[in-house]
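Some notes on the structure that comes next.
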Amino acid sequence: MKKRRWAAAITEIFLLVTLTVGCRKADAGVRREGIALDTVVSVTLYDTADTALLDECFALIQQWETQLSCHADGDIGRLNAAKGAALTVAPETAQLLSEALSYSRLTDGAFDVTLEPVTRLWDFKKENAVPPAQDAVKAALAKTGAARLHVEGTTVRLLDPAAGVDLGGIAKGYIADRLADYLRKQGVGSALLDLGGNIYALGSRNGGDFRIGIRDPRDENSLVAVVTGQDCSVVTSGSYERGFTYQGCRYHHILDPATGYPAQTDLLSVTVVSPRSVDGDALATACFVLGKERGLSLIASLPETEALFVTKDGSLAATEGLRYTLP
Ligand code: ADP
Ligand code: MG
């Protein structure tokens, strides 16, 4: 949590500096930061001072978190507790599950929303955390896979009583999109949503681009790049975000669905820039698992989607259309 606070703080400091430096007119904006979605969330509205909108944003985040978290009693919590029985969920939940399944297909299973039996075994937040027993991981892996989740209309079903759904790799993106939609409907034309590094830049900033700093995975006080854009999502997945060290080995929270263990790739982080945050979130997680080469070619095959890869050897690789500057 401390790390995430820093990550969020860096982005914020950077943005505040750029907006102070680059701003001629006085800003009428409001900003609120809070803990939600298991991370630090901030909402900044630049063209209104209406704090009631901030109240509503945080209320909506909480409502959607309950709906989608595997640790709450909303749709996903109920699905995981249903032991294979069919369940009716909200149309939005069914839609998100369908999209998550299509990402499993698109990424050859690198993104797997049915990884819950495995993610349940890992506790990355506990003090003195230890990796789960190999047998337990193996048994849990046998309960995963997109084929075990069935969605038809608003009826969803897990085809194994021990199967489960974990939307942790896609929910923040989905919530960012919905929040942006809500704010647009309220007439907001310039806002920045930061759901723990899952950033959405709504509209334009002082009539131009937003500038979003991408953290150096090796140094929380530095940036590796500054992405520029408007009405876009900028999502980063990295091994530095959450994890623990046990017997000299680092275990992080992005798991390889093929092994049930932290993905071992040539990457430290992946940033995906896309119109929709739900896509960016799923893709950033998937690309981290796939590694640089496969990740680059996946992103290159998708329209309006760009990415920046930071590799373990310290180099940067960006897709052709990425708009960014070096710090
Ligand atoms: P963050 O939550 O830090 O933004 P990600 O979007 O990459 O990072 O999501 C990681 C979370 O997604 C994990 O905490 C876990 O709940 C879930 N997860 C882990 N590995 C995968 C995977 N290969 N596919 C789908 N979800 C995953
Ligand atoms: Mg993700």
Side-chain angles (χ1 to χ4, degrees), residues 1 3-8 11 36-41 65 68-72 76 80 96-97 99-126 129 137 140-141 144-146 149 164-177 193-200 214-215 217 233-244 251-265 267-274 276-291 294-295 298 307:
M1 181 59 76
K3 285 218 152 162
R4 304 210 128 209
R5 242 183 233 284
W6 268 107
T11 318
L37 303 167
D38 210 12
T39 185
V40 180
V41 166
E65 180 175 9
L68 302 176
S69 166
C70 37
H71 308 295
I76 300 304
N80 290 346
L96 178 59
L97 287 172
E99 286 198 49
L101 285 175
S102 64
Y103 272 108
S104 284
R105 288 189 287 274
L106 182 73
T107 63
D108 277 338
F111 180 84
D112 186 355
V113 80
T114 68
L115 212 50
E116 194 272 343
V118 179
T119 59
R120 190 194 311 161
L121 300 175
W122 291 90
D123 188 344
F124 294 99
K125 283 176 284 179
K126 201 166 78 182
V137 173
L141 259 190
T144 68
L149 173 62
V165 162
D166 177 355
L167 290 170
I170 196 171
K172 284 192 293 224
Y174 169 81
I175 290 173
D177 289 335
L193 315 175
D194 182 348
L195 313 184
N198 198 121
I199 291 170
Y200 188 88
I214 308 302
R215 205 201 108 160
S233 154
V234 182
V235 179
T236 301
S237 275
S239 51
Y240 60 87
E241 290 179 47
R242 199 169 284 207
F244 61 86
Y251 294 85
H252 62 79
H253 74 310
I254 304 172
L255 304 179
D256 184 343
T259 63
Y261 280 82
Q264 297 202 346
T265 66
L267 298 173
L268 290 175
S269 75
V270 184
T271 299
V272 176
V273 181
S274 56
R276 294 197 322 154
S277 204
V278 69
D279 301 323
D281 198 357
L283 288 169
T285 305
C287 284
F288 190 89
V289 174
L290 292 170
R294 291 175 72 198
L298 171 63

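When a ligand or atom number is given, it counts from 1 through the structure's own listing order. These values consider heavy atoms only, across backbone and side chains, with no hydrogens, waters or symmetry-generated copies.
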Check for a donor-acceptor pair, side chain of W122 on one end and backbone N or O of Y261 on the other, with a separation under 3.5 Å.
no
What atoms in ligand 1 come closer than 4.0 Å to a heavy atom of [X]?
{"X": "E241", "result": "1 (P), 3 (O), 4 (O)"}
{"X": "I254", "result": "7 (O), 20 (N)"}
{"X": "D281", "result": "6 (O)"}

Assess the residue pair T39 and E241 against the criterion (side chain to side chain contact (heavy atoms under 4.5 Å, CB included)); give the C-alpha distance rounded to whole Å, side-chain angles, the decisive distance to 0.1 Å, and a yes or no.
CA-CA 11 Å; T39 185; E241 290 179 47; over 6 Å; no
Distance-only N or O hit between ligand 1 and [X], under 3.5 Å:
{"X": "V113", "result": "no"}
{"X": "T119", "result": "no"}
{"X": "D256", "result": "no"}
{"X": "T236", "result": "no"}
{"X": "L255", "result": "yes"}

Assess G169: does it contribute an N, O or S atom lying under 2.8 Å from the Mg ion (ligand 2)?
yes
Has T285 got an N/O/S atom less than 2.8 Å from the Mg ion (ligand 2)?
yes
[X] heavy atom under 4.0 Å from ligand 1:
{"X": "A110", "answer": "yes"}
{"X": "P257", "answer": "yes"}
{"X": "H253", "answer": "yes"}
{"X": "N198", "answer": "no"}

Taken to the nearest 0.5 Å, the spacing of K172 NZ from D194 CG works out to 10.0 Å
With the side chain counted from C-beta on, respond yes when [X] and [Y] share a heavy-atom pair under 4.5 Å apart, and no when they do not.
{"X": "S277", "Y": "V235", "answer": "yes"}
{"X": "I76", "Y": "S69", "answer": "no"}
{"X": "I214", "Y": "V234", "answer": "yes"}

H252 pairs by ring-ring contact (aromatic ring centres under 6.0 Å, His included) with which of F124, F288, Y240?
F288
For the Mg ion (ligand 2), the closest N/O/S atom belonging to D281:
OD1
Distance-only side-chain donor-acceptor flag, D279 / S274, under 3.5 Å:
no
Candidate with minimal heavy-atom separation from atom 15 (C) of ligand 1, of L115, D166, T114
D166
Heavy-atom closest pair, residues V289 and T265:
O-CG2, 3.2 Å
Taking all heavy atoms of I254 and all of S237, pick out the closest pair and write down the distance.
CD1-CB, 3.8 Å
For ligand 1, note which part of K172 has a heavy atom under 4.0 Å away: side chain, backbone, both or neither.
side chain
Measure up the F111 and Y103 rings against each other and bin them: parallel (under 30°), tilted (30 to 60°), perpendicular (over 60°).
perpendicular
